[in-house]
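What follows is a short report on a single structure.
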Amino acid sequence: MSRPSPHLLRIVQVSDCHVARDPQTAYRGQNADRNLSSLLPAIRRWQPDLLLLTGDVSEDASAAAYGRVAALLSTAGAPVLALPGNHDDPALMRRYFPLGPWAGPHVHAGRNWQLILLDSTEPGCIPGVFSSSDLEHLERCLAKGADRNTLLALHHQPVAVDSLWIDRYALERPEEFWAVVDRHPQVRCVTWGHVHQDFSAGRGEVTLLGSPSSVANSLPGREAFTLDLGGPACRWLELNAAGTLATGLLRAT
Ligand SMILES: [Fe+2]
């Protein structure tokens, strides 16, 4: 297969791997290691420039899990940008995934875009939380990169996805986050994990995306988690230097 256009920034978003210390531990009846591995041939074939890992990498915040996920993803041939979810231990996770929002937002710039990775986790808390200092940090990043098309990535959904089981644990006080975003028209896309389903919507000019899980997904619009027999998935994103984007899902083949 020929190399994709050098004018596009090609990203695969992998989310909610929920890998445990013991690789035999089941997650919602599925094997997390095996399901993540099953996506890798499709990811390699797609030839991403970057992998974006959007949290709940480990179910039990164990070093063994982070080590195995890092080893598996290293076979995809692209650097990994990572951010934590509510199941993760950010201090431990950063040892395995050094490129991330470990001391404030992580900015990756390339091809007329910037990706800003945010940590929406709060220790001991399942929903997402941004403190006022987190939001000030974000505001400064956006003011600095005003001339670049921008994608924001976080773990928790900043809008309801209409699935009660997970909307209980969304980003708290999302209006404070949106107030910052709305002041910066270069933001083209906000993408997250946490919801274990494919989600897309628009908010003015901003594309909103929820990414499926690499282990187990739920059918959309359910009150309780209801296993989607379509299996694990991850999201591809193709960012054009003009500021437009295309996206879709990759599944095991
Ligand atoms: Fe989560």
Side-chain angles (χ1 to χ4, degrees), residues 12-21 25-33 35-36 39 51-62 65-66 68-70 73 80-94 96-97 100-102 105-106 117-131 134 152-174 177 190-201 208-228 232-235 249:
V12 170
Q13 181 178 358
V14 176
S15 205
D16 296 83
C17 312
H18 290 274
V19 167
R21 181 190 315 266
T25 303
Y27 176 83
R28 298 190 190 271
Q30 306 292 304
N31 184 287
D33 287 67
N35 286 9
L36 174 59
L39 295 172
L51 295 185
L52 175 60
L53 188 54
T54 47
D56 286 356
V57 174
S58 173
E59 170 70 1
D60 51 14
S62 60
Y66 293 131
R68 295 206 306 285
V69 174
L73 295 184
V80 180
L81 306 179
L83 57 84
N86 48 291
H87 281 265
D88 291 310
D89 174 343
L92 185 58
M93 191 175 152
R94 74 182 295 181
Y96 296 86
F97 302 99
W102 312 121
H106 178 81
L117 277 68
L118 304 168
D119 178 354
S120 58
T121 67
E122 172 81 4
C125 191
I126 304 175
V129 178
F130 283 135
S131 66
D134 292 333
L152 300 177
L154 71 163
H155 181 67
H156 295 86
Q157 71 271 38
V159 297
V161 299
D162 295 327
S163 293
L164 198 57
W165 70 273
I166 196 67
D167 280 336
R168 280 192 186 106
Y169 306 117
L171 179 69
E172 291 187 343
R173 301 187 305 279
F177 169 74
V190 181
T191 189
W192 56 84
H194 193 50
V195 295
H196 291 247
Q197 62 190 274
D198 177 22
F199 174 85
S200 68
L208 308 182
L209 298 170
S211 218
S213 158
S214 71
V215 54
N217 289 298
S218 177
L219 293 172
R222 301 300 169 109
E223 285 195 15
F225 184 98
T226 308
L227 187 68
D228 178 349
C234 54
R235 174 176 296 290
L249 299 187

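Any value given below was found using the heavy atoms of this structure, including those in side chains, with hydrogens, waters and symmetry copies removed. First listed ligand is number 1; within each ligand, the first listed atom is number 1.
Put simply, the side chain of Asp88 never gets that close to the backbone of Pro90: no donor and acceptor are under 3.5 Å apart.
With waters left out, the protein N, O or S atoms under 2.8 Å from the Fe ion (ligand 1) add up to 4.
Every pair tested for side chain to side chain donor-acceptor pair (under 3.5 Å) that includes a residue from residues 208-219 fails, sequence neighbours excluded, so the list is empty.
Below 30°, between 30° and 60°, or above 60°: for His18 and His196 the angle between ring planes is between 30° and 60°, a tilted geometry.
For the pair Trp102/Met93, a side-chain contact is recorded, criterion being any heavy-atom separation below 4.5 Å from C-beta on.
Take His106 and apply the ring-ring contact (aromatic ring centres under 6.0 Å, His included) test, not counting sequence neighbours, and it matches no residue. The ring-ring contact (aromatic ring centres under 6.0 Å, His included) search around Phe199 returns Trp192, not counting sequence neighbours.
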